[in-house]
There are 2 protein chains.
Amino acid sequence: MTDVTQEAHFCQACVVRSRAICADLDQDEIQVLNSIGRRRNLAAGEQLLWEGDEAIIVANVVRGVLKLSTQTSDGKEQILGLVYPSDFVGRPFGQITPYGVQALTEAEVCIFQRTDFDRFAREHPRLEHKLLERTLKELDRTRRWMLLLGRMTAEQKLASFLLETAERAEPSSLTMPLSRQQIADVLGLTIETVSRLFSKMKMEGLIDLQSRRQVAILRPAELAVRAG
Amino acid sequence: MTDVTQEAHFCQACVVRSRAICADLDQDEIQVLNSIGRRRNLAAGEQLLWEGDEAIIVANVVRGVLKLSTQTSDGKEQILGLVYPSDFVGRPFGQITPYGVQALTEAEVCIFQRTDFDRFAREHPRLEHKLLERTLKELDRTRRWMLLLGRMTAEQKLASFLLETAERAEPSSLTMPLSRQQIADVLGLTIETVSRLFSKMKMEGLIDLQSRRQVAILRPAELAVRAG
DNA sequence: CGGCGTCATTGATCTGCGTCAACGGCACCG
DNA sequence: CGGTGCCGTTGACGCAGATCAATGACGCCG
C-alpha cells in the first residue's frame with residue numbers, strides 16, 4: 001500500500017466523514033483532498049490560529065470542541081463561536097485570520113494549507129456548495145447570537161446557552177466543555193454574574209450541579225421560559 | 001426586440017453590475033439570470049421579507065439601504081445587519097427567512113424567486129463562488145459586530161458605528177440612513193443613551209450635528225480612540 | 001496527607017445604562 | 001398661522017450587572 005491509499009483508507013474511516021464538507025466527494029476526490037491534508041492532535045488549551053495572523057491553514061474538526069474568539073483593545077474577550085466535530089474552521093479565500101482559534105478540550109483536526117484548500121475548492125463545485133451551505137447556516141446562528149448579546153438579560157442569556165448546549169450533547173446530564181469564565185465570554189457577561197445565575201437556577205430547581213462541569217437540566221420547559 | 005433582450009440590456013446598464021454577485025457572469029448567463037429576476041422599487045419603511053416566513057425570494061440591492069432585524073419575545077428589536085447597493089439579501093438554500101428585511105430609505109432591488117435562484121446558482125459555480133466569498137465576508141463583519149455588542153461600552157459602540165458608517169458614505173458630511181431609534185437597535189442601546197452620546201460628542205467637538213440626520217465627523221482620530 | 005495553585009462561589013458596593021417623564025423642535029396639514 | 005404628531009433631547013431616578021474583595025472547593029504533586 002502506498003502512503004496515499006493508506007491515507008485514503010484513513011479518510012474513509014473518518015468519524016465525521018458523512019457530516020463534514022467532504023461528505024459529497026467521490027472516491028478519487030477524497031484521495032486528492034487526503035493528499036493535501038493531515039491530521040493533528042491538539043491539547044486542551046492549545047491555540048490553532050492567532051487573530052490577525054496570515055490565514056495559512058483551514059481545518060475540519062474531527063474530535064473535541066474549539067472556540068473562536070477576539071478581544072477588545074483593553075483585553076476583554078468575546079467568544080465568537082464554538083466549533084464541534086464535523087465543523088469547519090478557518091478563513092478560506094482570505095488573507096487574514098479574523099479571530100483566534102483555540103482548543104477547549106483535547107481535540108483532533110484535519111488540517112489543510114489554505115492555498116491548497118482554496119485551489120481544491122475552486123475545482124470542486126460540490127465542495128464549494130457544501131461550504132456555502134455551512135457558511136450560510138453559521139451566519140444564521142451568529143445572527144441569532146447577536147440578538148442574545150444585544151437585547152437579552154443575563155438570565156435569558158444563560159438559559160438560552162444551556163438549552164443550546166444541551167442540544168449538542170447527550171440527553172440529561174451534560175458535561176460542559178467550557179469553564180465559567182468561558183461561558184461569561186460567550187455571553188458577554190462576567191464570571192461572577194454567571195456563577196450567581198448558576199447558583200440561583202440550582203436553588204430554584206431548574207438545574208442541578210453535580211460538579212463544576214456537570215450540569216443537569218431538570219426543568220427544560222421552565223428554562224425555555226426564562227430564555228424568553 | 002424581445003422582452004428578454006430588453007431586460008438583458010437593462011442588466012448591462014445596471015449600476016451595481018460590476019460589484020454584485022453577477023459580476024463574473026458572461027453574456028449568456030446574464031440573460032438567463034435576467035429572465036428569472038425582476039426589478040422592484042421599495043418605499044422607505046416598506047418590508048421586503050418577514051422573519052419566520054417561508055424563504056420565497058432573494059435579491060440584490062440596486063439602490064438605497066435596507067436593514068435585517070429580529071426581536072426578542074418581549075418586543076425589543078435588534079438590527080442584525082445593514083445592506084447597501086450591490087449587497088445580496090435573503091436566504092438561499094434555506095426554507096425559512098431567519099430575519100426581517102425592511103427598506104430604511106427609498107430603495108430598488110433586483111428580485112429572484114429563491115428556488116429559481118438556487119437552481120441557477122447550483123448550475124453556475126462562478127456565481128456560487130461569488131456568493132460564498134460574500135457570505136464569508138459578511139460572517140466576518142457580523143462577528144466583529146458581536147464583539148461590539150458583547151464587550152463594548154455605549155461610547156465605544158457609537159464611535160465605532162460612526163466611523164464604519166462614514167466609510168460607506170462620501171467624505172466629511174454624512175447623511176445617516178438611520179433614525180436615533182434604529183441606531184440604538186443596531187448597537188443594542190436605548191434611544192436616550194444614543195441621544196445623550198450624540199450631544200456629548202458634539203459638546204466635546206468630536207462631531208457636528210447640522211440637523212438630526214446630518215452628522216459631520218470633525219476629529220476622526222479622537223473618535224477612533226473612543227472606539228477603543 | 002498537606003500545601004499550593006486554579007477556578008468558582010459569595011458578599012458588599014458601585015456605576016453605566018435603562019426607565020420614566022417632561023419638554024422642545026420640526027414637518028405637515030387644515 | 002396655529003394645531004397636531006412624531007422624533008429627539010434632557011433630566012431625575014433606579015437597577016442589573018460590573019467591580020472589588022474575601023473565602024471556599026478541588027485537583028495536583030511532592
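Computed over heavy atoms, backbone and side chain alike; hydrogens, waters and symmetry mates excluded.
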Can you check each nucleotide of nucleotides 19-29 of chain D against protein heavy atoms at under 4.0 Å and return B for base, S for sugar-phosphate only, - for none, in 5' to 3' order? BB---------
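Using modelled atom types, no side-chain atom of B:W145 and backbone atom of A:R143 make a donor-acceptor pair closer than 3.5 Å. Side chain of A:Q102 to main chain of A:G45: a donor-acceptor pair is present (N/O by atom type, distance under 3.5 Å, no hydrogens or angles).
One end of the helix from C:dC1-D:dG30 to C:dG30-D:dC1 points its axis 30° away from the other end's axis, with each axis taken from 5 pairs and the angle rounded to 10°.
The salt bridge (charged side-chain N to carboxylate O under 4.0 Å, His left out) search around A:D140 returns B:R91, not counting sequence neighbours. With sequence neighbours left out, the salt bridge (charged side-chain N to carboxylate O under 4.0 Å, His left out) criterion links A:E77 to A:K67. Under the ring-ring contact (aromatic ring centres under 6.0 Å, His included) criterion, A:F117 pairs with A:F88, A:F112, sequence neighbours left out. Legend: residues meeting ring-ring contact (aromatic ring centres under 6.0 Å, His included) with B:F198, ordered by chain and number and at least two apart, are absent. Under the rule for a ring-ring contact (aromatic ring centres under 6.0 Å, His included), A:F161 has no partner lying at least two apart in sequence or in another chain. In this structure, B:R144 has no salt bridge (charged side-chain N to carboxylate O under 4.0 Å, His left out) partners at least two apart in sequence or on a different chain.
Ion pairing of A:E164 with A:R141 is absent here, as no side-chain N (NZ or NE/NH1/NH2) approaches a carboxylate O to less than 4.0 Å.
Computed from coordinates, the A:L189 CG to D:dA16 P distance equals 14 Å when rounded to whole Å. As rounded to whole Å, 16 Å separates atom C1' of D:dT9 from atom CE of B:M201.
When all heavy atoms of A:G64 and A:T105 are compared, the closest pair comes out as CA-OG1, 3.3 Å.
Judged purely by distance below 3.5 Å, without hydrogens or angles, the side chains of B:Y84 and B:R168 never pair a donor atom with an acceptor atom. A donor-acceptor pair shorter than 3.5 Å can be found between the side chains of B:T175 and B:Q214.
A heavy atom closer than 4.0 Å to some atom of DNA chain D occurs in A:T153, A:A154, these being the qualifying members of residues 151-161 of chain A.
Residue pairs meeting the salt bridge (charged side-chain N to carboxylate O under 4.0 Å, His left out) criterion with at least one member in residues 146-160 of chain B, sequence neighbours excluded: A:D185-B:R151, B:E155-B:K200, B:E155-B:R226.
As judged by a 4.0 angstrom heavy-atom cut-off over every strand, B:S211 is placed among residues making no nucleic acid contact. At a threshold of 4.0 angstrom between heavy atoms, the contacts of A:S199 are confined to the sugar-phosphate backbone, with no base atom among them.
Of the candidates B:L162, B:I183, B:L158, B:L158 is the only one forming a side chain to side chain contact (heavy atoms under 4.5 Å, CB included) with B:L197.
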Find every protein N or O atom lying less than 3.5 Å from an N or O atom of nucleotides 3-5 of chain D, and list the pairs.
none

Could you walk me through whether A:E133 and A:K130 satisfy the salt bridge (Lys or Arg N to Asp or Glu O under 4.0 Å) test, starting with their C-alpha distance in whole Å, then the side-chain angles of each, then the deciding distance to 0.1 Å, before giving a yes or no? CA-CA 5 Å; A:E133 291 222 357; A:K130 276 273 175 203; over 6 Å; no
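A nucleotide of DNA chain C counts as in contact with chain B when one of its atoms lies under 4.0 Å from a heavy atom; the first and last such, 5' to 3', are C:dC17 to C:dC20.
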